[in-house]
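Notes to accompany the following structure.
Residue numbers start from 1 in every chain, and the chains themselves are labelled A, B, ... in the order their sequence lines are given, proteins ahead of strands. Both backbone and side-chain heavy atoms feed into the values below; hydrogens, waters and symmetry mates do not.
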Amino acid sequence: MLTRIPKGTKDVLPSETAKLQALESVIREKTRLAGYQEIRTPVFEHTELFTRSVGESSDVVRKEMYTFLDKGDRSITLKPESTAGVVRAFLEAGMHNQALPIKLYYLYSPHFRYEAPQAGRYREHHQFGIECFGATQASADAEVILLAMDLFQTLNIKNLRLRINSIGCPVCRPAYKEKLLSYLRARRDLLCDDCKDRIEINPLRVLDCKVQSCQAQLKDAPRMLDHLCDECAQHFASLQAFLDAAELPYIIDTGIVRGLDYYTKTVFEITTDTATGTLTACGGGRYDGLVEELGGPSIPAVGFGMGMERVLMLLDAQAEEDRTLDVPASTPDIYIAPLDPSLAPIAFRLLNQFRSLGLKTDMNHTTRGLRAQFKYADKLQASYVAILGEDEAQKGVIKLRDMQSGDEWEASLTEAPQMMADRIAQKAERK
RNA sequence: GUGGGUAUGGUUCAGUCGGUUAGAACGCCAGAUUGUGGAUCUGGAAGUCGUGGGUUCGAGUCCCACUACCCACCCCA
């Protein structure tokens with residue numbers, strides 16, 4: 001082979017695209033019911049969009065972006081996440097002047113992050129995500145979470161955990177940060193090397209360090225939840241009330257901080273336990289300051305991103321017992337087998353006629369003999385084979401064979417298409 | 001970036017103590033009364049054994065380096 005697939009990328013082969021399409025149609029139905037409209041934004045944006053929104057201190061911006069100069073010396077970045085681009089488009093289209101709230105979703109949006117690939121992690125991955133602009137109330141946060149959980153439930157994916165947390169707002173977070181900072185600085189020597197760096201870059205991130213010795217040191221660390229301002233505390237309490245009303249079980253996990261800097265108040269993750277560890281299938285939260293940060297008016301927003309590859313992984317993991325998204329293979333109704341190349345034009349005309357009547361039809365395009373054509377038709381699981389030989393051509397008929405029963409009969413070339421359309425429609429009805 | 005594992009036809013793998021023309025299964029192609037599939041049988045195509053070096057009379061096999069992939073850490077979806 002000349003060259004192989006780039007590291008961290010994945011081909012989606014026909015065996016998987018069918019499942020993916022089924023997943024997409026479920027998603028489109030769920031978003032439709034909840035009043036979301038689709039938006040598609042470019043694969044690349046100006047680098048500044050991400051440094052401003054995702055944040056200079058985030059791992060994503062610091063070491064994972066695919067950034068390059070284009071021929072006009074503009075710094076361009078392949079999008080590492082979709083929210084920033086959606087906010088940009090929202091503002092650029094003047095949607096902030098329309099009646100709010102406005103709900104947008106994106107589907108199979110490609111994301112690029114330069115990371116070491118491993119199970120469920122790619123350098124190019126795709127997300128389904130939703131963003132709700134202009135809703136201040138925690139019912140909107142709950143609705144966003146509900147949509148994700150409802151989708152998982154429809155897909156019959158089990159063993160998921162909803163974890164929620166509040167990381168405060170510009171009113172209460174700075175004071176808390178100071179408190180945490182002094183706590184961490186006092187224990188600096190006892191923390192791992194990574195955390196020593198994190199203290200100054202983004203002290204909140206120390207909280208979700210997985211190193212045991214760090215976790216031990218963090219046991220008595222001040223928690224954001226205990227230092228929320230009145231508004232944030234009320235918002236968080238309200239969120240829980242809405243989740244309770246929807247009977248969505250959740251865990252309050254003060255370790256959830258999120259790697260993107262634009263979040264405020266609500267953050268959440270939907271995780272699953274795999275053989276090796278915990279994998280996040282969906283993550284999101286509220287970002288009340290982002291629209292303004294990107295040059296728009298002060299408009300609150302809340303949303304999530306969901307990893308399509310991970311959802312497919314979860315579906316595959318349960319494929320043994322569950323067939324929620326199984327799609328019947330696209331097998332031909334009729335395979336036309338001309339015996340001699342000279343008869344191919346007649347076969348070709350029939351092919352066209354069958355198809356215009358809505359029948360899935362295929363025909364021989366090789367030099368194979370009849371026997372081999374049958375073998376091929378059998379592999380395609382064709383319902384009928386139409387045989388066209390010299391005898392048939394002279395009589396102006398075609399011989400049809402029901403591949404299941406083995407019955408054979410002749411039909412005139414002019415009547416065969418409609419006759420087969422009726423027959424196949426009847427068969428479908430009986431099912 | 002760090003650690004571990006793997007690398008042999010299209011796919012999954014075998015290959016002994018280093019020994020001659022590297023095998024199997026599945027898949028693919030063709031044939032088995034000349035115009036009929038699934039089953040069976042027969043035959044065929046397909047591999048510079050990841051790359052480069054070294055040891056040796058001789059390397060798929062032993063040694064070294066490199067690369068790629070997988071898994072894990074970190075972080076995330």
Measure the distance from CZ on A:Arg161 to P on B:rA77 and round it to the nearest whole Å. 19 Å
OP1, OP2 of B:rC70 versus side-chain N and O of A:Lys10: anything below 4.0 Å? no
Considering only the C1' atoms, how many Å lie between B:rA14 and B:rC76, rounded to the nearest integer? 40 Å
Check this for me: does the side-chain of A:Arg371 come within 3.5 Å of the base of B:rG35 through a donor and an acceptor? no
Is the phosphate of B:rA77, meaning OP1 or OP2, less than 4.0 Å from a side-chain N or O of A:Arg121? no
Atom-to-atom span, CZ of A:Arg113 to P of B:rC75 - whole angstrom: 14 Å
Decide, yes or no, whether a salt bridge links A:Arg28 with A:Glu38 under the criterion of side-chain N to carboxylate O below 4.0 Å. yes
According to the interplanar angle, ranging from 0 to 90°, do the rings of A:His227 and A:Tyr176 count as parallel (below 30°), tilted (30 to 60°) or perpendicular (above 60°)? tilted
Measure from NZ or CZ of A:Arg187 to the centre of the six-membered ring of A:Tyr183 and say whether it is under 6.0 Å with the direction within 45° of the ring axis. yes
Rounded to whole Å, the CD-P distance (A:Glu115 to B:rC75) equals 11 Å
OP1 or OP2 of B:rC69 under 4.0 Å from side-chain N/O of A:Lys7: yes
What's A:Gln373 touching, base or sugar-phosphate or nothing? Going by heavy atoms closer than 4.0 Å. nothing
Watson-Crick or G-U counterpart of B:rU55, or none if no pair lies under 3.5 Å: none
Taking atom C1' of B:rG38 as reference, at what distance in whole Å does atom OH of A:Tyr335 sit? 16 Å
So, under a plain 3.5 Å distance rule, would you say the side chain of A:Gln404 forms a donor-acceptor pair with the base of B:rG37? no
Within the structure shown, what part of the strands sits under 4.0 Å from A:Arg401 by heavy-atom distance: base, sugar-phosphate, or nothing? base
For B:rU40, the Watson-Crick or wobble partner whose two distances fall under 3.5 Å: B:rA32
Can you tell me, in whole Å, how much space there is between the P of B:rU16 and that of B:rG23? 14 Å
Side chain of A:Ala116 only, please: which of B:rG1, B:rU36, B:rG35 is the nearest? B:rG1
Could you tell me whether A:Asp150 and A:Lys30 make a salt bridge, using a distance below 4.0 angstrom between a side-chain N and a carboxylate O? yes
Rounding to an integer number of angstrom, what distance separates B:rC71 and B:rC28 when you compare their P atoms? 29 Å
If you measure from the P atom in B:rA65 to the same atom in B:rG4, how many Å do you get, rounded? 12 Å
Can you figure out which of B:rG38, B:rC75, B:rG35 approaches the side chain of A:Glu392 most closely? B:rG35
For B:rC74, which nucleotide is its Watson-Crick or G-U wobble mate, given both distances must be under 3.5 Å? none
With heavy atoms under 4.0 Å as the rule, sort A:Ala281 into base, sugar-phosphate or nothing. sugar-phosphate
So, do A:His111 and B:rA77 meet the stacking rule of ring centres under 5.5 Å and planes under 30°? no
Atom-pair distance (CE on A:Met313; P on B:rC70), nearest Å: 12 Å
P atoms of B:rU61 and B:rA7, separation to the nearest Å: 12 Å
Watson-Crick or G-U wobble partner of B:rA68, both distances under 3.5 Å: B:rU6
I'd like the P distance from B:rC26 over to B:rU34, given in whole Å. 26 Å
Checking N1-N3 plus N6-O4 or O6-N4 for Watson-Crick, or N1-O2 and O6-N3 for wobble, each under 3.5 Å, the partner of B:rG60 is none
Would you kindly compare A:Gly369 and A:Gly389 by the position of their nearest RNA chain B nucleotide and give the one closer to the 5′ end? A:Gly369
Base of B:rC75 paired with side chain of A:Arg62 (donor-acceptor, under 3.5 Å): no
I want to verify a distance call: between B:rC29, B:rA77, B:rG38, whose nearest atom is closest to the A:Thr280 side chain? B:rA77
Classify the angle between the aromatic ring planes of A:Phe68 and A:Phe44 as parallel (below 30°), tilted (30 to 60°) or perpendicular (above 60°). perpendicular
When both distances are under 3.5 Å in a Watson-Crick or G-U wobble arrangement, the nucleotide paired with B:rU20 is none
Could you state the OH-C1' distance from A:Tyr122 to B:rC69, rounded to the nearest angstrom? 13 Å
Would you say the side chain of A:Gln118 and the base of B:rC69 hold a donor-acceptor pair, judged only by whether the two atoms sit under 3.5 Å apart? no
A:Asn159, CG: over 12 other non-hydrogen atoms inside 6.0 angstrom: no
Minimum-distance nucleotide (side-chain atoms of A:Ala372 versus B:rG37, B:rA30, B:rC76): B:rA30
Within a 6.0 Å radius of atom OH on A:Tyr250, are there more than 12 heavy atoms belonging to other residues, nucleotides or ligands? yes
Euclidean distance, atom CG of residue A:Leu279 to atom C1' of B:rC71 [Å, nearest integer]: 14 Å
With a 6.0 Å cut-off on the ring centroids, do A:Tyr105 and A:Tyr36 count as close? no
Nearest-Å distance once atom C1' is located in both B:rA59 and B:rU48: 15 Å
Between B:rG27 (P) and A:Asp378 (CG): distance, integer Å: 13 Å
What distance, rounded to whole Å, do you find between the two P atoms, one in B:rU11 and one in B:rG50? 14 Å
